[in-house]
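Okay, so here's the structure we're looking at.
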Amino acid sequence: MINALGQPQTVLLLGGTSDIALALARAWARHGSPEVVLAARPGERRDRAVAELGQLGLAVEAVDFEATDTAGHPALIESIAATRDIDVAVVAFGVLGDEERSWQDHDTAVHLAEVNYVAPVSVGVCLSQVMRRQGHGVIVALSSVAGERVRRSNFAYGASKAGMDGFFLGLGEALRGSGARVLVVRPGFVHTKMTEGRDAASLSVTAEQVADAVTTAVAKGDDLIWVPKAMRGVMSGLRHVPRPLFRKLPI
Amino acid sequence: MSEQPEVLSGWGRTAPTAGRVRRNAGPDAVADLLRGAGPRGLIARGLGRSYGDAAQNAGGVVLDPLPAVIDEPAADGSVRVSAGTSLHDLMRFLLPRGRFVPVTPGTRYVTVGGAIGCDVHGKSHHVTGSFGDQVVSLDLVLPDGTARTVGPDRDPELYWATVGGMGLTGVIVSAVLRTIPVETGYLDVTTQRLSDLDAVLAEMAGSDDDFTYSVAWIDTEARGGALGRSVLSRGEHATREQLSGPAAVQPLAVPAPPRLAVPFAPPFGLVTRSTVRVFNEAWFRKAPRFREGEIQSISAFFHPLDGVAHWNRLYGPHGFLQYQFVVPEDRADVVRRILEQVSGDRHTTFLAVLKRFGPGGSGWLSFPSAGWTLAVDAPAGPGLIGLLDRLDEQVAAAGGRIYLAKDARVRPELMTTMYPRLPEFRELRERLDPDRRLQSDLSRRLDL
Ligand SMILES: Cc1cc2nc3c(=O)[nH]c(=O)nc-3n(C[C@H](O)[C@H](O)[C@H](O)COP(=O)(O)OP(=O)(O)OC[C@H]3O[C@@H](n4cnc5c(N)ncnc54)[C@H](O)[C@@H]3O)c2cc1C
Ligand SMILES: NC(=O)c1ccc[n+]([C@@H]2O[C@H](COP(=O)([O-])OP(=O)(O)OC[C@H]3O[C@@H](n4cnc5c(N)ncnc54)[C@H](OP(=O)(O)O)[C@@H]3O)[C@@H](O)[C@H]2O)c1
């Protein structure tokens with residue numbers, strides 16, 4: 001159960017090797033010892049993540065998760081929920097990829113849409129079934145400001161995030177009254193392995209900052225946050241910029 | 001039968017979850033409801049006055065109070081009531097008959113089932129013990145659907161596991177309660193202003209036994225030499241001779257329903273540092289240095305907050321917590337240290353009440369035990385995590401415990417230290433309820 005101060009007892013990380021997801025597990029571990037299920041592709045990165053969380057004294061279980069295997073998701077998530085409540089599930093997997101390839105190369109474009117949009121929808125449906133049955137639970141969906149107003153420079157990624165963002169906002173509405181909740185998180189530029197080697201955009205944050213904002217939002221029962229907070233104002237400004245001008249902005 | 005999930009929380013309005021609420025069930029339906037409870041079980045709910053998650057059951061069944069039934073008192077004054085009867089209704093029934101309940105918590109809006117389930121205490125604990133000590137017998141439906149009558153003299157093991165057992169041993173359907181004779185519905189109150197913690201502790205330790213009712217309100221804004229400055233209020237049931245004016249005309253006046261209500265939760269809490277400071281200051285200033293012989297109504301003395309319905313909404317959308325602990329009588333140092341930490345905390349704001357408990361009872365998971373109990377209210381927020389975790393450590397190390405009826409966040413690891421009979425309680429549940437037909441969010445959170 002999540003207690004009154006927003007501390008979960010079990011956390012499912014889908015995309016368990018994501019830097020943001022791991023920072024979240026560490027943030028919850030600071031004042032508690034939640035059981036963590038790392039759903040991720042097997043490999044060295046996952047082994048390292050299991051070991052790292054284990055060293056914090058957490059009980060960690062790794063399960064194989066491939067985002068594009070949507071047919072396997074229902075059984076996987078049911079099996080995780082069979083032996084425990086899922087207090088919080090973090091939908092953290094995602095790909096950024098090469099911006100130009102992602103609209104010119106057919107395979108790359110389709111793959112990106114599958115990982116960033118189709119797969120989140122797939123796990124979102126499975127998780128909402130589990131959490132409605134439980135009568136409680138929080139789905140944390142890592143969206144992005146890139147989806148709020150899709151720009152030319154990374155529109156394939158942005159469009160996939162716009163889709164998943166809309167789905168999870170709607171899912172949150174649909175789940176009202178069921179005890180289950182959805183928190184949509186829109187970070188700006190986060191320094192993680194996803195953005196490694198790229199020039200940081202302004203208002204950039206660390207994975208730890210995202211994690212702190214998410215743990216606070218889960219505790220307060222928020223349904224939508226921007227990280228950093230200032231991004232909200234920036235994006236609401238950008239949203240209304242006319243297309244001809246928007247096109248010329250250096251973003 | 002309502003099968004729609006409904007979102008429920010405790011009085012603190014934190015950690016809401018959805019369960020299927022079963023309304024208007026009669027006592028005869030309980031056995032079948034338990035047998036058909038399903039994988040997430042059932043929990044009985046009273047009036048939801050416990051602060052945390054004791055009376056909710058995410059994904060399971062929540063049984064609303066059984067209809068109120070009160071029989072005419074027997075010659076010895078004992079009275080049979082259904083578990084769904086509120087103390088408000090019971091008092092209104094008993095007072096015209098010149099009788100009263102020996103133990104009442106700080107609100108009348110609790111059910112008899114809830115009062116037994118949490119083994120509640122009142123201002124009289126040092127004299128009367130807790131609610132469980134006022135029960136002659138109770139009728140319980142066990143998780144397998146069988147009915148049992150238990151009491152201190154009849155199957156005491158099951159009885160004392162049920163008293164304070166947080167609804168997890170069975171559903172209480174009715175109880176026979178002892179009552180006390182009273183001449184009036186008023187109290188003769190003695191009020192004292194005390195300048196610091198030592199003064200109030202000494203006064204309570206020295207002369208509490210001269211009064212049936214005693215409790216102190218602490219100004220948490222006071223620091224340094226004034227730390228723990230308090231208003232101590234003690235009382236006795238007033239006799240008819242003590243009444244004058246309108247009270248004398250109708251000495252057995254019954255408590256009224258609330259006159260005011262908070263219609264909805266404002267988008268932000270109104271109980272803030274500055275409002276609490278003003279309240280604390282005003283309360284302390286208005287109290288007399290010493291006054292005796294003041295006549296107060298039952299509501300004013302026992303249930304001052306009941307005058308405003310839904311006052312819990314004033315804390316805003318994120319709700320609030322009450323942290324209540326008890327430590328042994330010789331560990332007043334812990335009370336002092338905790339008050340210091342609470343008064344020094346910048347994030348939050350607190351209202352606090354202090355009481356000296358008499359000897360603890362026999363309930364396996366009952367809260368009261370001889371010593372000092374302090375209850376502090378604070379708006380909920382993740383900023384409290386570190387502070388309350390530190391307080392828990394100090395309480396546990398001193399041989400104390402926190403109150404499950406108020407809890408919404410304790411670390412499960414500390415439970416067996418605070419409640420040494422918890423392992424036995426778990427074994428009993430394993431025997432009585434292997435399929436876990438009784439479950440609550442609390443039982444899942446703390447693995448009770
Ligand atoms: C303003 C205020 C002041 C308070 N002051 C005090 C005080 O001075 N002293 C004190 O001890 N407490 C105090 N409390 C707490 C309150 O007295 C207890 O939480 C009490 O148990 C609430 O009763 P309820 O009927 O609302 O029960 P609920 O809160 O609905 O349920 C409490 C527990 O009892 C169980 N239960 C309810 N009905 C049954 C049943 N039929 N069979 C089996 N189990 C059942 C539930 O499962 C749950 O575990 C106060 C609360 C408030 C809001
Ligand atoms: N970093 C940012 O600036 C930023 C900004 C806004 C939003 N976000 C979003 O935040 C989330 C977490 O990102 P992050 O910054 O933590 O990046 P990250 O460390 O790269 O994490 C992304 C994770 O997704 C997993 N993944 C990719 N494809 C997968 C697949 N097919 N199946 C299963 N798992 C797959 C990867 O797992 P493997 O280890 O198996 O490769 C990787 O660990 C993402 O959704 C991202 O879009 C990030």
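Excluded from the calculations below are hydrogen atoms, water molecules and symmetry mates; all remaining heavy atoms, backbone and side chain alike, are included. All values derive from a computational prediction rather than experimental measurement.
Your options are E413(B), H318(B), R444(B), and the one with the most heavy-atom pairs under 4.5 Å with chain A is H318(B). With respect to chain B, the highest number of heavy-atom pairs below 4.5 Å among I2(A), D87(A), N3(A), V218(A) belongs to N3(A). Comparing A15(B), G381(B), A58(B) by heavy-atom pairs within less than 4.5 Å of chain A, the highest count is held by A58(B).
G177(A) and A18(B) make their closest contact through O-CB, 4.1 Å (heavy atoms, listed as atom of the first residue, atom of the second, distance). Listed here is the closest heavy atom pair of R133(A) and R40(B): O-CD, 3.8 Å. The two residues A4(A) and L321(B) make their nearest non-hydrogen contact at CB-CD2, 3.6 Å.
Both the backbone and the side chain of R409(B) come within contact range of chain A, with heavy atoms under 4.5 Å apart. When heavy atoms are compared at a cutoff of 4.5 Å, A219(A) approaches chain B solely by way of its side chain, counted from C-beta outward. In this structure, chain A has heavy atoms under 4.5 Å from both the backbone and the side chain of I385(B). Residue D389(B) touches chain A through its side chain alone, counting heavy-atom pairs closer than 4.5 Å. For P39(B), no part lies near chain A; criterion is any non-hydrogen pair under 4.5 Å.
Taking the side chain as every heavy atom from C-beta outward, L5(A) and P382(B) never approach each other to under 4.5 Å.
Remark: side-chain polar atoms of Q9(A) are paired, donor with acceptor, to backbone N or O of R445(B) under 3.5 angstrom.
Counting heavy atoms of neighbouring residues, nucleotides and ligands inside a 6.0 Å radius, atom CZ of R46(A) exceeds 12 of them. With a 6.0 Å radius and a threshold of 12 heavy atoms from other residues, nucleotides or ligands, R426(B) has its CZ atom above the threshold. Enclosure of atom CZ in R411(B) by more than 12 non-hydrogen atoms of other residues, nucleotides or ligands within 6.0 angstrom is indicated. At most 12 heavy atoms of other shown residues, nucleotides or ligands fall within 6.0 angstrom of atom CG in N24(B).
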**Request:** Give the C-alpha distance, both sets of side-chain angles, the deciding distance and a yes or no for side-chain contact (heavy atoms from CB on, under 4.5 Å) between Q134(A) and T17(B).
**Result:** CA-CA 9 Å; Q134(A) 289 178 174; T17(B) 65; over 6 Å; no
